[in-house]
Amino acid sequence: MILTSVYTTVVTEDELSEVVLRQLIERYAPHIVVNDYLGKSGCGYIDSHIYQFNQAAYKGVAIIILRDLDKKECAPDLIKKLLPQGCHSRLLFRVPVREIETWLIADKINLSDFLGISAKHITNNAESISDPKEYLVNLARKSRRKNIKESIVPRENAFFPVGSLYNDCMKSFVIRHWDSEAARRNSDSLDRTIKKLETFRPEPKK
């Protein structure tokens with residue numbers, strides 16, 4: 001069976017989210033062909049442009065958006081707040097609970113190997129973590145590897161909550177080590193996103 005390609009625009013909060021989505025599309029949805037990657041400027045960019053993205057979907061453009069839930073109560077409420085008029089079927093809006101780091105933490109075996117810590121330090125319930133990025137940084141503090149600590153953990157009194165090479169380090173983990181099949185078993189939001197990507201075949205505008 002030959003699947004018709006779906007040409008899409010992808011919008012993410014940051015580079016790490018983009019790398020994760022690239023991996024998921026490559027593994028589970030090879031019928032999706034990405035024409036352009038937008039965003040990478042935080043959730044503010046997505047929130048301020050969400051109406052335009054939805055309008056583009058109405059006009060026939062297929063769009064995939066990945067936005068962290070952060071401290072919001074739940075994904076459906078967030079989407080309803082941002083798109084009270086409803087989300088068009090050509091716009092696939094997915095929300096990691098609570099941050100993209102949750103999906104990485106959910107693969108606890110590979111993450112523990114990468115960080116150089118015991119897997120017993122990593123929870124089996126990744127989506128229960130209130131601040132996944134902070135949680136991941138604190139895991140790195142336990143690392144036996146100097147390069148991991150220097151990359152991920154911020155220096156004392158640093159302005160940013162993560163190390164200067166945090167994104168590069170975590171992108172490397174995603175590309176080389178992350179097992180999305182293992183992770184989806186510990187993250188409902190990842191599992192649902194994978195299923196949505198597999199079946200994302202919106203009808204073109206007639």
> Given Leu92 and Thr8, is the side chain to side chain contact (heavy atoms under 4.5 Å, CB included) satisfied, shown in steps?
CA-CA 10 Å; Leu92 179 59; Thr8 67; over 6 Å; no

> Compare all side-chain heavy atoms of Val97 with those of Ser187 and state whether any distance is below 4.5 angstrom.
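A side-chain contact under 4.5 Å is absent here.
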
> Could you check whether Arg94 makes a cation-pi contact with Phe200, meaning its NZ or CZ is under 6.0 Å from the centre of the six-membered ring and within 45° of the ring axis?
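The answer is no, since Arg94 fails at least one limit relative to Phe200.
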
> Look at the side chain of Ser41 and the backbone N and O of Gly39, then say whether any donor-acceptor pair between them is shorter than 3.5 Å.
yes

> Please determine whether side chain to side chain contact (heavy atoms under 4.5 Å, CB included) holds for the pair Glu13 and Leu66, giving the CA-CA distance in whole Å, both sets of side-chain angles, and the decisive distance to 0.1 Å.
CA-CA 7 Å; Glu13 280 197 36; Leu66 198 60; over 6 Å; no

> If you measure from the Lys or Arg side-chain nitrogens to the Asp or Glu carboxylate oxygens, is any gap between Glu15 and Lys40 under 4.0 Å?
no

> State the CZ-NZ distance between Arg144 and Lys149, to the nearest 0.5 angstrom.
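Spacing of CZ (Arg144) from NZ (Lys149) equals 10.5 Å.
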
> If you measure from CD1 on Ile122 to CG on Leu111, what distance do you get to the nearest 0.5 Å?
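Interatomic distance, Ile122 CD1 to Leu111 CG, rounded to 0.5 Å: 4.0 Å.
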
> Let me confirm one number: the CD-OG distance from Glu150 to Ser143, rounded to the nearest 0.5 Å.
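Separation between the atoms: 10.5 Å.
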
> Of the non-hydrogen atoms in Thr12 and Ser17, which two are nearest, and what is the gap between them?
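Smallest heavy-atom distance, with atoms named: CB-CB, 3.9 Å.
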
> Using a 4.5 Å cut-off on heavy atoms from C-beta on, say whether the side chain of Val6 contacts that of Pro202.
yes

> Using a strict cut-off of less than 4.0 Å between a Lys/Arg side-chain nitrogen and an Asp/Glu carboxylate oxygen, indicate whether Arg27 and Asp179 qualify as a salt bridge.
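The answer is yes: the pair qualifies as a salt bridge.
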
> With under 30° as parallel and over 60° as perpendicular, where do the rings of Tyr58 and His88 fit, or are they tilted in between?
perpendicular

> Does the side chain of His49 reach to within under 4.5 Å of the side chain of Val11, using non-hydrogen atoms?
no

> Locate the shortest heavy-atom distance separating Pro161 from Pro154; write the atom from each residue and the value.
O-CG, 3.4 Å

> Determine, step by step, whether Lys71 and Asp131 satisfy the side chain to side chain contact (heavy atoms under 4.5 Å, CB included) criterion, reporting the C-alpha distance in whole Å, the side-chain angles of both residues, the deciding distance to 0.1 Å, and the verdict.
CA-CA 8 Å; Lys71 303 298 182 182; Asp131 191 333; 4.1 Å; yes

> Thr193 side chain to Ser189 main-chain N or O, any donor-acceptor pair under 3.5 Å?
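Here the side-chain-to-backbone pair exists.
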
> Is there a side chain to side chain contact (heavy atoms under 4.5 Å, CB included) between Val162 and Lys133 once you walk through the steps?
CA-CA 8 Å; Val162 298; Lys133 186 181 273 83; 3.6 Å; yes

> Phe173 vs His177 aromatic rings, parallel, tilted or perpendicular, using cut-offs 30° and 60°?
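It falls in the parallel class, under 30°.
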
> If we ignore hydrogens and angles and just use 3.5 Å, is the side chain of Asn54 paired with the main-chain N or O of Gly86 as donor and acceptor?
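Pair found, side chain donor or acceptor close to backbone of Gly86.
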
> Any ion pair linking Glu26 and Arg22 (charged N to carboxylate O, less than 4.0 Å)?
no

> Testing the 3.5 Å rule here: is there a donor-acceptor pair between the side chains of Thr102 and Glu127?
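Judged by distance alone, the side chains do not pair up.
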
> Report yes or no: do Leu24 and Phe93 belong to one cluster of Ile/Leu/Val/Met/Phe/Trp/Tyr joined by side chain heavy-atom distances under 4.5 Å?
no

> Would you name the heavy atoms of Asp70 and Cys43 that are closest together and state the gap between them?
OD2-SG, 4.3 Å

> How about Ile64 and Ile32: do any of their side-chain heavy atoms sit closer than 4.5 Å?
yes

> If you look at every heavy atom in Ser128 and Thr123, which pair is closest and at what distance?
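In terms of heavy atoms, the two residues are closest at OG-OG1, 4.5 Å.
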
> Look at the side-chain heavy atoms of Ile, Leu, Val, Met, Phe, Trp and Tyr, link any pair under 4.5 Å apart, and say whether Leu21 and Ile194 land in one connected group.
yes

> Looking at side-chain heavy atoms only, is the closest gap between Arg201 and Thr4 below 4.5 Å?
no

> Are Phe114 and Leu190 connected in a single hydrophobic cluster, I mean Ile/Leu/Val/Met/Phe/Trp/Tyr linked by side-chain heavy atoms less than 4.5 Å apart?
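Yes; tracing contacts between hydrophobic side chains, which count when under 4.5 Å, links both residues.
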
> I'd like to know if the side chain of Tyr28 pairs up with that of Ser180 as donor and acceptor (distance under 3.5 Å, no hydrogens or angles considered).
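The answer is yes; a qualifying pair exists.
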
> Got Arg98 and Asp68 here, is their nearest side-chain heavy-atom distance under 4.5 Å?
no

> Leu115, Tyr135: one ILVMFWY side-chain cluster at the under-4.5 Å cut-off?
yes

> Counting only heavy atoms from other residues, nucleotides and ligands, does the tally under 6.0 Å from OH of Tyr51 exceed 12?
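For Tyr51, atom OH is not crowded (no more than 12 foreign heavy atoms under 6.0 Å).
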
> For the residue pair Asn186 and Asn124, what are the closest heavy atoms and their distance?
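Nearest heavy atoms, Asn186 then Asn124: OD1-O, 3.7 Å.
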
> Find out whether Thr9 and Phe53 are in side-chain contact, i.e. whether some heavy atom of one side chain is under 4.5 Å from a heavy atom of the other.
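A side-chain contact is absent here, since even the closest heavy-atom pair is not under 4.5 Å.
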
> With rounding to the nearest 0.5 angstrom, report the NZ to CD distance, Lys80 to Gln85.
12.5 Å

> Specify the closest pair of heavy atoms between Pro132 and Glu99, including all atoms of both residues, with the distance to one decimal.
CD-OE1, 3.3 Å

> Given side chains that start at C-beta, do those of Leu139 and His121 come closer than 4.5 Å, heavy atoms only?
yes

> Should we count NZ of Lys196 as having more than 12 external heavy atoms under 6.0 Å?
no

> To the nearest 0.5 angstrom, please state how far the CD1 atom of Ile152 sits from the CG atom of Asn138.
11.5 Å

> Roughly how far, to the nearest 0.5 Å, is NZ of Lys146 from OG of Ser151?
11.5 Å

> Consider only side-chain heavy atoms of I, L, V, M, F, W and Y, link residues closer than 4.5 Å, and tell whether Trp103 and Val137 are in one cluster.
yes

> Check this for me: does any side-chain nitrogen of one of Lys195 and Asp191 sit under 4.0 Å from a carboxylate oxygen of the other?
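Yes.
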
